[in-house]
Amino acid sequence: MEETDQQHKPLLLESQKDAVVEHASQEEADKQHRTFQPMFLESQEDLFVDEASIKKSKQCGAPIGKVRFGLIALVLAIAAVIVFCNNGSQPLSDIDLLANFVMPGVDISNLNETAPQYRALEWLAYNDTRGLTIDDNATELLERFSLATLYYSVGRGDWLTISSHCDWESSHCGEDILHCIRCDEDGRVTTLYWESYELVGPIIPSEIGHLQQLEYLYLQHNKFSGPIPSEIGHLQQLKHLSLHNNKLSGPIPSEIGHLQQLKILELPGNEFSGPIPSEIGNLQQLEGLYLLENKFSGPIPSEIGHLQQLERLELGDNTFSGTIPSEIGHLQQLKRLFLEQNKLSGPIPSEIGHLQQLIYLGLYQNNFSGLIPSEIGHLQQLEELDIGFNMFSGPIPSEIGRLQQLNTLRLEDNIGLTGTVPVEVGQLKSINRASFSNTSLTGGLDDLAFCKNREIHFIFSIRADCGGLNPKITCECCTECCGIDENGRNPCDER
């Protein structure tokens, strides 16, 4: 490091040195010339120590005047004039000067020399030959620093080179290319695509926030850990954020609400926790919200109803609690609603009937209770209705018989369901999967249309309480009959 510093010491320009010598005697000038050793300035602050000397230099290159303060003051004053005249345009070659720009307010003396940020600074200051400057290449410099920090964070790859970072990896992202960087015509990074790259890092570095033209960030199927940095909120052009199947943890930062161009947010298969921030309601362009298989908790925020472009809401396999907010009815573009395997409770709100584009409704394995609302019959596009493993009670509403596209109906393990399967439901010839087991339903299924047509309509699975010592239902078309046998076992205990 000492040897490198010596290579980057600032030197006085000969013309400025001569301008000073003119005002001293030849003997004194000779003495000064023999003893002069240019000082290495430790930081940008040192360049402005002698403010009075700068003020005396009305124009760039003007004589500084009579030497009053000795050799050290003279050197500092001349160096200050040089910087003042150049206005910081000299190539950045010193790690401290570079750090003041890319990491303002951070004391790099507190950084471990193995830290990704420090290694990125060293690379830019001493090994990158592109010669970027703050005034001419500030944006490119910031983006290059961000990518270099990410490079040193991830533990693998060989894409850090002295060429333009738009050429790192492949610049042509496509279906068969999982590792690439894409830039726009101005050289700004718009896509980072590193899927299944075995990238390992304690966190996604906060420097990612420098990529302010980024539209697509794909880091799925890697080994990142730690939280999402709050600086993610700086990426206000972002349209697709995919971080699924990593080891990320902590809450979703509230700054996520700044990403008002975001269309897809994919976070499944991590260890995120805490509630969904209310700021999620700011993402009014959002089309897909995927939070499956994490440790999220708390209620579903009512602000979810602001996402009126949302087509897929997948919150399954978490520990969400409370009720489904009635604002869910505002999501009239919604096609798939996955709320399974949580701790949600209360009734299904009647506003569910407003979701007339809905194809899949999955509420199984929660603590829902009350009646199945008749408004469910308004969901004319519904193909799958899975509300098993809850505490619903009362009869199956006949309005379900209006769902002419329905092929899957799962009502099992709702012991409070009573009565018979309505004739209207039985007329749904499209059903090929149905489960009525472990309920209090009675009667027969053989006269229902989906059983009568079994010879011309393939049935994948029909399950009911038609077995055991005391069958509740008669059903010759069932593929599986459930009930307690003489050994006290029920073959349908496992779904």
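Values in this document were obtained by computation on a predicted structure and should not be read as measured data. For this chain, numbers begin at 1 and follow the sequence in order.
Between F320 and K343, the closest side-chain pair of non-hydrogen atoms is not below 4.5 Å. Taking 4.5 Å as the limit, some side-chain heavy atom of P349 sits within range of a side-chain heavy atom of I328. Under the 4.5 Å side-chain criterion, counting only non-hydrogen atoms from C-beta, L111 is in contact with M103. Counting heavy atoms from C-beta outward, L406 and I400 have side chains that approach closer than 4.5 Å. Within the 4.5 Å cutoff, the side chain of L344 has heavy atoms near those of the I300 side chain.
A ring-centre distance under 6.0 Å is found for H221 and H244. Taking the six-membered ring wherever Trp is involved, the centroid distance between the rings of H240 and Y218 falls below 6.0 Å.
Taking CG of N245 as the start and CD of E266 as the end, the distance is 10.0 Å to the nearest 0.5 Å. Atom CD of E340 is separated from atom CG of L315 by 9.0 Å, given to the nearest 0.5 angstrom. Here the CZ atom belonging to R402 is positioned 13.0 Å from the CD atom belonging to Q427, to the nearest 0.5 angstrom. To the nearest 0.5 Å, the span separating CG on D386 from CD on E412 amounts to 6.5 Å. Between the CG atom of L291 and the CZ atom of F338 there is a distance of 13.0 Å, given to the nearest 0.5 Å. The structure places CG of L286 at 9.5 Å from NZ of K263, a figure rounded to the nearest 0.5 Å.
A distance below 2.5 Å between sulfur gamma atoms is met by C475 and C478.
A parallel orientation is assigned to the rings of F368 and F392, their planes being inclined by less than 30° (bins at 30° and 60°).
In terms of modelled atom types and a separation under 3.5 Å, the side chain of D128 and the main chain of W123 share no donor-acceptor contact. A donor-acceptor contact shorter than 3.5 Å is absent between the side chain of N366 and the backbone of S345. N318 places a side-chain N or O within donor-acceptor distance of the main-chain N or O of G316, the cut-off being under 3.5 Å. Between the side chain of N282 and the backbone N or O of Q260 there is no donor-acceptor pair closer than 3.5 Å.
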task = Could you give me the CA-CA distance, side-chain angles and deciding distance for C482 and C492, then say whether disulfide bond (SG atoms under 2.5 Å apart) is met?
result = CA-CA 5 Å; C482 304; C492 301; 1.7 Å; yes
ask   = Stepwise, does the side-chain hydrogen bond (donor to acceptor under 3.5 Å, both in side chains) test hold for Q405 with Q380?
value = CA-CA 7 Å; Q405 305 302 316; Q380 298 290 307; over 6 Å; no
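For the residue pair Q220 / S242, a side-chain donor-acceptor distance below 3.5 Å is found, with atom types taken as modelled. Under the 3.5 Å distance criterion, with hydrogens and angles disregarded, a donor-acceptor pair is assigned to the side chains of D413 and N438.
Ionic pairing of E143 and R188 is present here: one or more N-O contacts between side-chain nitrogen and carboxylate oxygen are shorter than 4.0 angstrom.
Screening V189, L142, T149 for a side-chain contact (heavy atoms from CB on, under 4.5 Å) with H210, the sole residue that qualifies is L142.
More than 12 heavy atoms of other residues, nucleotides or ligands shown are found within 6.0 angstrom of CG on D107.
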